[in-house]
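The residues of the chain are indexed from 1 along the displayed sequence.
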Amino acid sequence: MNIDLNTLSLKELKDLQSQVAKAIAGFEDRRKREALAELEEKAKAMGFSLAELTGVPAGRKRSPSVAKYANPANAADTWSGRGRKPRWFSEALAKGKKPDDMAI
């Protein structure tokens, strides 16, 4: 592949630069995946998992949160009690309702 860079416009050079950057990143990703697959295969052949050998724990699987509270105005609008309080929940508390009043 022989490209005369002096004949390309600035836009064409920048396009070429972005294509090269993407190609490099893709190449590195492929190499990492190949290396990881090879290491996992080798560990499996020896009766281990790669996570056991590296000391990296396997990702924690979380179960989906269960709704604990429902909007009194719209029962389909629910909240699990985790994270930021929804506006309807805060407004209901401000009006004097208790969390138990909105519990499912």
Side-chain angles (χ1 to χ4, degrees):
M1 184 168 140
N2 195 4
I3 299 174
D4 186 9
L5 300 177
N6 293 325
T7 61
L8 299 178
S9 69
L10 179 61
K11 183 183 181 319
E12 291 171 330
L13 287 170
K14 287 188 178 191
D15 288 343
L16 182 61
Q17 181 182 24
S18 69
Q19 290 174 7
V20 168
K22 287 178 187 176
I24 290 171
F27 179 81
E28 290 174 346
D29 288 343
R30 279 193 311 275
R31 295 279 299 172
K32 285 179 186 177
R33 282 195 306 270
E34 290 169 2
L36 185 59
E38 189 176 322
L39 291 173
E40 285 176 346
E41 188 176 309
K42 183 75 171 175
K44 193 177 205 178
M46 299 179 106
F48 298 101
S49 71
L50 191 56
E52 287 176 320
L53 296 175
T54 59
V56 177
R60 192 173 103 185
K61 305 264 190 246
R62 287 189 175 180
S63 61
S65 59
V66 178
K68 292 183 182 179
Y69 304 101
N71 184 348
N74 180 4
D77 198 5
T78 60
W79 179 49
S80 67
R82 293 186 193 171
R84 188 172 171 183
K85 292 178 188 169
R87 185 177 303 151
W88 60 263
F89 190 83
S90 299
E91 289 172 357
L93 291 177
K95 291 179 183 175
K97 287 203 178 225
K98 295 182 180 177
D100 293 340
D101 298 337
M102 296 175 280
I104 295 178

Q) Taking atom CD of Glu40 and atom CG of Leu53, what is their separation to the nearest 0.5 Å? A) 11.0 Å

Q. With the threshold set at 4.0 Å, does a side-chain nitrogen-carboxylate oxygen contact exist between Asp15 and Lys11?
A. yes

Q | Cluster check Leu10, Leu8: I/L/V/M/F/W/Y, side chain < 4.5 angstrom | A | no

Q | Leu5 vs Leu16, side-chain contact (heavy atoms from CB on, under 4.5 Å): CA-CA, chis, key distance, verdict | A | CA-CA 10 Å; Leu5 300 177; Leu16 182 61; 3.8 Å; yes

Q: Look at atom CD of Glu38 and say whether more than 12 heavy atoms of other residues, nucleotides or ligands are closer to it than 6.0 Å.
A: no

Give the table of side-chain donor-acceptor pairs shorter than 3.5 Å for residues 76-88, with sequence neighbours excluded, one pair per line with atom names and distance.
from, atom 1, to, atom 2, distance (Å)
Asp77, OD2, Asn71, ND2, 3.4
Asp77, OD2, Trp88, NE1, 3.2
Trp79, NE1, Arg82, O, 2.9
Trp79, NE1, Arg84, O, 3.4
Ser80, OG, Arg82, N, 3.2

Q: Kindly write out the residues that satisfy side chain to side chain contact (heavy atoms under 4.5 Å, CB included) with Glu52, not counting sequence neighbours, or none if the list is empty.
A: Phe48, Ser49

Q: Begin with the C-alpha distance, continue with both residues' side-chain angles, and end with the deciding distance and a verdict on side-chain contact (heavy atoms from CB on, under 4.5 Å) for Ile24 and Glu28.
A: CA-CA 6 Å; Ile24 290 171; Glu28 290 174 346; 3.8 Å; yes

Q: Search all heavy atoms of Phe89 against all heavy atoms of Pro99 and return the closest pair with its distance.
A: CZ-CB, 4.0 Å

Q: For residues Thr7 and Glu12, report the shortest heavy-atom separation together with the two atoms involved.
A: O-OE1, 4.4 Å

**Q.** CG (Asp4) with more than 12 external heavy atoms under 6.0 Å
**A.** yes

